[in-house]
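For reference, the structure is listed below as structure tokens.
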Amino acid sequence: QVQLVESGGGLVQPGGSLRLSCAASGRIFSIYAMGWYRQAPGSQRELVAMITSGGRTNYADSVKGRFTISGDIAKNTVYLQMNSLKPEDTAVYYCNADVRSGASLRHRNDYWGQGTQVTVSS
């Protein structure tokens with residue numbers, strides 16, 4: 001089993017900053033990529049940012065220039081620095097990991113954290 005635990009969510013004012021963290025543990029042979037997704041009420045879950053084991057990053061257009069993903073994939077950790085937050089950023093943020101759990105390449109699955117609430121409001 002693989003577990004992902006997010007932390008750092010909370011209430012912040014528009015224009016403020018927040019830093020999310022995620023730590024993965026369990027049967028992990030290696031991690032190909034980790035990322036952050038978010039889901040607002042009534043909306044589809046969407047990719048926010050992703051980082052690969054090689055350090056390549058991807059961002060949603062809506063957060064590019066404001067959010068920064070970082071971390072050490074080899075150590076099963078990832079962070080999301082969120083600056084210039086807007087009310088539209090309000091959502092549950094989920095950590096995701098593309099995990100290889102064994103020597104066989106067949107043992108590769110996506111895992112999700114429980115989510116952490118981010119609320120941007122005055």
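The only member of T68, L18, L20, V63 that meets side chain to side chain contact (heavy atoms under 4.5 Å, CB included) when paired with L80 is L20. None of R108, R106, H107 except one satisfies the side chain to side chain contact (heavy atoms under 4.5 Å, CB included) rule with S101; the exception is H107.
W112 has its side chain within reach of R45: a pair of non-hydrogen atoms, C-beta onward, lies under 4.5 Å apart.
Nearest heavy-atom pair across L47 and A60 is O-CB, 3.3 Å. Here the shortest heavy-atom pairing between C95 and V78 reads SG-CG1, 4.0 Å.
Residue Y111 is not grouped with residue V92 when hydrophobic side chains (ILVMFWY) are merged at heavy-atom distances under 4.5 angstrom, including chains of intermediate members. No chain of hydrophobic side-chain contacts below 4.5 Å, direct or via other Ile, Leu, Val, Met, Phe, Trp or Tyr residues, connects I28 to M50. Under a hydrophobic-cluster definition in which Ile, Leu, Val, Met, Phe, Trp and Tyr are linked whenever side-chain heavy atoms come within less than 4.5 Å, directly or via other members, Y37 and M34 are assigned to different clusters. Grouping the Ile, Leu, Val, Met, Phe, Trp and Tyr side chains by contacts below 4.5 angstrom, directly or via other members, places Y94 apart from M82.
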field: Step-by-step side chain to side chain contact (heavy atoms under 4.5 Å, CB included) determination, R38 to E46
entry: CA-CA 6 Å; R38 68 186 182 188; E46 63 176 350; 2.8 Å; yes
Residues N109, V99; criterion side chain to side chain contact (heavy atoms under 4.5 Å, CB included); working and verdict: CA-CA 5 Å; N109 294 285; V99 177; 5.9 Å; no
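Here S25 pairs with Q3 under the side-chain contact (heavy atoms from CB on, under 4.5 Å) rule; sequence neighbours left out. R19 meets the salt bridge (Lys or Arg N to Asp or Glu O under 4.0 Å) test with no other residue; sequence neighbours excluded. When the side-chain contact (heavy atoms from CB on, under 4.5 Å) test is applied to V120, the partners found at least two apart in sequence or on another chain are V12, P14, L85, P87, D89, T90, V118. For S17, the side chain to side chain donor-acceptor pair (under 3.5 Å) test picks out N83, with sequence neighbours left out.
Surrounding CD of Q39 are more than 12 heavy atoms belonging to other residues, nucleotides or ligands, all under 6.0 Å away.
Put simply, the side chain of E6 gets close to the backbone of G115: a donor and an acceptor are under 3.5 Å apart. D98 places no side-chain N or O within donor-acceptor distance of the main-chain N or O of I31, the cut-off being under 3.5 Å.
Listed by chain and number, the hydrophobic cluster partners of L105 are Y32, where partners are ILVMFWY side chains within reach of under 4.5 Å, directly or through others.
Pairs of residues two or more places apart, or lying in two chains, never qualify as ring pair (Phe, Tyr, Trp, His ring centres under 6.0 Å) while including a residue from residues 47-79.
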